[in-house]
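Everything on this sheet refers to the single structure shown next.
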There are 2 protein chains.
Amino acid sequence: MPQDVFQAIADPTRREIIDMLAGQSMPVNDVAANFDMSRPAISRHIKILNECGLVVIRKEGRKRYCHADPQKLQEVIEWTYRYRKFWNEKLDALEAALGENDQSQ
Amino acid sequence: MPQDVFQAIADPTRREIIDMLAGQSMPVNDVAANFDMSRPAISRHIKILNECGLVVIRKEGRKRYCHADPQKLQEVIEWTYRYRKFWNEKLDALEAALGENDQSQ
DNA sequence: TCAATATGTAACAATTTAGTTACGCAAATA
DNA sequence: TATTTGCGTAACTAAATTGTTACATATTGA
């Protein structure tokens, strides 16, 4: 069952886990230690994130180092990207800049 | 209960509704006609989208015209934006362009 | 080898989700 | 006015979600 990415990020705890694992690898227990929730609950959240590719796991001895792989957020980004004209000014500026500077395409 | 946006877009039917209402206003019944699902089910999806601000409703006689307000996708966009370095090349180009052209800040 | 550690998973319960049909009501229309 | 239309909502059900505790297992270390 390849989990749906939109479904995976619907849970706030899972978003926190992604944030936590974006810049660093951590064993499952260390992740769980950061939450006011049982370890098995976190273990299952990580499993869901892993099943949809948002978290990859490297096994090392008895530890399983997890880290986020935001590549799979692409689907979400692409969907929201259709509504980019509603983004904030910074992103509008980005687009304007590209328009004036588009020599790479 | 102000619905959570991430939760709201987790459902594929609701994402379809947003897509459908992004460029046009439609009465609830017309939206429902596009789905293989009962009208009350669609009505509730629209209610959820309305409660989190993703769909606004203009009442006109006995019809309720719905249209998408992607402004509220901002929260999703902002969260995924942290992982922009994993975006596709087009967006990478956007950033590069801003970097070379940043006189407005 | 034996105990501690790291982790997954089963079993269970509570809650939420998502759909259905039935019904109610206001607005439009014949 | 009587009927049709557009739509919300209640009542119900089935399934999924999310948490818990208890237990199993593999790895590490004393």
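Heavy-atom basis, side chains included; hydrogens, waters and symmetry copies ignored. So that the names make sense, note that chain A is the first sequence line, chain B the second, and so on, each numbered from 1.
Judged by distance alone, the side chain of B/Arg15 and the main-chain N or O of B/Ile9 form a donor-acceptor pair under 3.5 Å. Side-chain N or O atoms of B/Thr80 include one that pairs as donor or acceptor with a backbone N or O of B/Val76 at under 3.5 Å. Looking only at distances, no side-chain donor or acceptor of A/Arg14 sits under 3.5 Å from a matching main-chain atom of A/Leu49.
The nucleotide whose nearest atom lies closest to any side-chain atom of A/Arg44 is, among C/dA11, C/dT20, C/dT7, C/dA11. In this structure, of C/dT21, C/dT7, C/dA18, it is C/dT21 that holds the atom nearest to the side chain of B/Ser38. Candidate nucleotides C/dG19, C/dT7, D/dT18 were compared by shortest atom distance to the side chain of B/Thr13, and C/dG19 ranks first. Side chain of B/Arg39, nearest nucleotide from D/dT18, C/dT7, C/dC23: C/dC23. Looking at the side chain of A/Met37, the nearest of the listed nucleotides D/dG19, D/dC7, C/dT7 is D/dG19. Closest to the side chain of A/Arg62, from the set C/dA4, C/dT9, D/dG6, is C/dA4.
Taking atom CZ of residue A/Phe6 and atom P of nucleotide D/dT17, one finds them 16 Å apart after rounding to whole Å. The interatomic distance linking B/Asn29 (CG) with D/dT4 (P) rounds to 16 Å, in whole Å. Distance B/Glu51 CD to C/dT17 P: 11 Å, rounded to the nearest Å. Whole-Å rounding puts the B/Asp36 CG to C/dT20 C1' distance at 13 Å. Remark: C1' of C/dT5 and NZ of A/Lys59 are 14 Å apart, rounded to the nearest angstrom. Residue A/Asp4 contributes atom CG, which lies 16 Å from atom P of C/dT17 at whole-angstrom precision. B/Ile42 has its CD1 atom 14 Å from the P atom of C/dT21, to the nearest Å. When rounded to the nearest whole Å, the span between CD1 of A/Ile46 and P of C/dT9 equals 12 Å.
Residue A/Phe35 holds its CZ atom at 4.5 Å from CD of A/Glu16, rounded to the nearest 0.5 Å.
Contact check for A/Tyr81 versus B/Ile77: no side-chain heavy atoms found under the 4.5 Å cut-off.
Looking only at atom types and distance, the side chain of A/Gln7 has no donor-acceptor partner in the side chain of A/Gln3 under 3.5 Å away.
Among the atoms of the strands shown, none is found under 4.0 Å from any heavy atom of A/Glu60. Among the heavy atoms of the strands lying under 4.0 Å from B/Pro40 is at least one base atom, whether or not backbone atoms are also near.
Under 4.0 angstrom from either OP1 or OP2 of D/dT17 there lies no side-chain N or O belonging to A/His45. Distances shown here put every side-chain N or O of B/Ser43 at or beyond 4.0 Å from the OP1 or OP2 atom of D/dC7. Residue A/Gln7 has no polar side-chain atom (N or O) positioned under 4.0 Å from OP1 or OP2 of D/dA16. For the OP1/OP2 pair of C/dT9 and a distance below 4.0 Å, the side-chain nitrogens and oxygens of A/Lys47 include at least one atom meeting the criterion.
Comparing A/Ala10 and B/Val28, the nucleotide of DNA chain D nearest to each residue sits closer to the 5' end for B/Val28.
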